[in-house]
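Because the structure is a prediction, the values reported are computed rather than measured. Lettering of chains follows the sequences in order, A, B, ..., and the numbering in each one begins at 1.
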Protein chains: 2
Amino acid sequence: MKDNDNRSKPITDLTIRRLSSYLRTLDILEKTGVKIISSKKLADIEGISDGLVRKDLTLFGSFGIRGTGYHVSPLKRHVTRILGLDRRWNIVLIGTGETSKIFLDSEAFQKKNFQVIKIFDKTPELIGKKLDNLVISDMNNLENEIDPKIVDLAIVAVSPPDVQSVIDRLGKIGIKGALYFASRSVAVPKNMVVRNQDVSIELGTLTYHISRKVPG
Amino acid sequence: MKDNDNRSKPITDLTIRRLSSYLRTLDILEKTGVKIISSKKLADIEGISDGLVRKDLTLFGSFGIRGTGYHVSPLKRHVTRILGLDRRWNIVLIGTGETSKIFLDSEAFQKKNFQVIKIFDKTPELIGKKLDNLVISDMNNLENEIDPKIVDLAIVAVSPPDVQSVIDRLGKIGIKGALYFASRSVAVPKNMVVRNQDVSIELGTLTYHISRKVPG
DNA sequence: TAGATTGTTAATCGATTAACAATC
DNA sequence: TAGATTGTTAATCGATTAACAATC
């Protein structure tokens, strides 16, 4: 069966995050030589119900074989395509701190067709220096040096006070998406998708739950 | 009014994550000299509805003043306490890669009473060396060197294939919580809270949404 | 007091699960 | 064929919003 069109279907970020998680699992399964997997087995790995796995997948098409399960490699290709990861993504990196460096040599970057094509920093001493074979540009020239027709995503690794203005400027020149790490909220410009990854949020959920578990 | 007891109340991670987010906002507001904030203003900063802010907070008590709003500092203290962040947390760090280093000098660590008290690695050449004033211990000795009465949380910064066994061993010795960064799912041991922070999941949501926005 | 904003309930909306017919 | 597992619908469960009385 062809992919379903997904007009007016309720596809939320919860689904998309799970699909991303299925993808990393499928990747491991494929590498381990697993050819076929049932929704039940995949669900067990993910720690969710089998029905939810099937529900997520059928929002985008019928990828399974009744009585058998899902072929790992084709399913991986389908999910890759659904997430838009079947093409190259051009990235700009803003800020050159430790976070950026992790990014540059992270697995996510290497294997997913993410290509850093420009790096910016505001520190005068760093501008002109090289990082990852790219000359660091002046953050003041963001607007001149970023072409939204070429750049797809921005990784914003600047300090909390600088995040909002950077996001605003990126939005203004037409960059569609950004991921930032600072521990703060930001107002999201129209037509932009912004995500935040903040370790303090995760730590907060851990400390909350552990505090309750061990009363006293 | 006293805090509500929260037996049999439906407090989920969605609420806890928002509370963590409120906390970082309150922290900034306090530093900026804001004394009082309404649920509406806080909600606007967070990008959610004012009713939801009030709902989240009233699950734990009545912290506001009708007609006025919430005093920033007291509310910050309340949320800090709700999340269990009003005490010191002893952490072990497992793995000494780039990710760990970020952690060690991250803001989340400094300001939140998180104290790294032990560091482990499996690489023979690193064992005995120092990192952040702590001697790196042999990962093989995890069981002998970690006292679950002293250690509250583990930061697991090891490679994907090693994550599961490390988590399992931590669970077995009675560590209550762990945060790991590898791009994979793990089976969570009984009585343990485990969180994963994986940049590839965030990137997946970004690429998905941007792919849809710009059809073609 | 009048205006503002909380705390809270009921209504709505959305997500997950249960269950099973379809079918490999 | 019999057994297994998908795809899908209806039922349930949970989260958010709307709305307003309480009250500062």
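By the side-chain contact (heavy atoms from CB on, under 4.5 Å) test, A:Ser165 is found to be paired with no residue, residues two or more places apart in sequence or in another chain being considered. Residues passing the ring pair (Phe, Tyr, Trp, His ring centres under 6.0 Å) test with A:Tyr70: none are found, sequence neighbours excluded. In this structure B:Ser73 satisfies the side-chain contact (heavy atoms from CB on, under 4.5 Å) test together with B:Glu30, B:Arg77, sequence neighbours excluded. Looking at residues two or more places apart in sequence or on another chain, you find a side-chain contact (heavy atoms from CB on, under 4.5 Å) between A:Pro148 and A:Ile175. The ring pair (Phe, Tyr, Trp, His ring centres under 6.0 Å) test applied to B:Phe120 returns no partner, not counting sequence neighbours.
Among residues at least two apart or in separate chains, salt bridge (Lys or Arg N to Asp or Glu O under 4.0 Å) pairs with a member in residues 56-71 of chain A are A:Arg18-A:Asp56. Residue pairs meeting the salt bridge (Lys or Arg N to Asp or Glu O under 4.0 Å) criterion with at least one partner in residues 177-194 of chain A, sequence neighbours excluded, do not occur; the list is empty. For residues 147-202 of chain B, the ring pair (Phe, Tyr, Trp, His ring centres under 6.0 Å) pairs, not counting sequence neighbours, are B:Phe103-B:Phe181. Among residues at least two apart or in separate chains, there is no ring pair (Phe, Tyr, Trp, His ring centres under 6.0 Å) pair with a member in residues 34-56 of chain B.
B:Phe60 has its CZ atom 14 Å from the P atom of C:dG7, to the nearest Å. Put simply, CG on A:Leu59 is 14 Å from P on C:dG14, counting in whole angstrom units. Straight-line distance from the CG atom of B:Leu75 to the P atom of C:dT6: 10 Å, rounded to whole Å. Rounded to an integer number of Å, the gap from CG of A:Asp13 to C1' of C:dG14 is 14 Å. The distance between atom CD1 of A:Ile11 and atom P of C:dG14, rounded to the nearest whole Å, is 14 Å.
Relative orientation of the B:Phe114 and B:Trp89 rings is tilted, given thresholds of 30° and 60° on the angle between their planes.
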**Prompt:** How would nucleotides 16-24 of chain D be written as a contact map, 5' to 3', with B for base contact, S for sugar-phosphate-only contact and - for no contact, using protein heavy atoms under 4.0 Å?
**Reply:** SB-B--BBB
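A:Asp198 and A:Ser183 are linked by a side-chain donor-acceptor pair at a separation below 3.5 angstrom, with hydrogens and angles left out of the test.
Phosphate contact (OP1/OP2 of C:dA4, side-chain N/O of B:Tyr70, threshold under 4.0 Å): absent.
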**Prompt:** How does DNA chain D look in dot-bracket form if you count Watson-Crick and G-U pairs under 3.5 Å, write [ ] for pairs that cross, and put | where a base pairs with another strand?
**Reply:** ..||||||||||||||||||||||
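Interface residues of residues 28-47 of chain A facing DNA chain D, ordered by number: A:Ser38, A:Ser39; criterion, heavy-atom separation under 4.0 Å.
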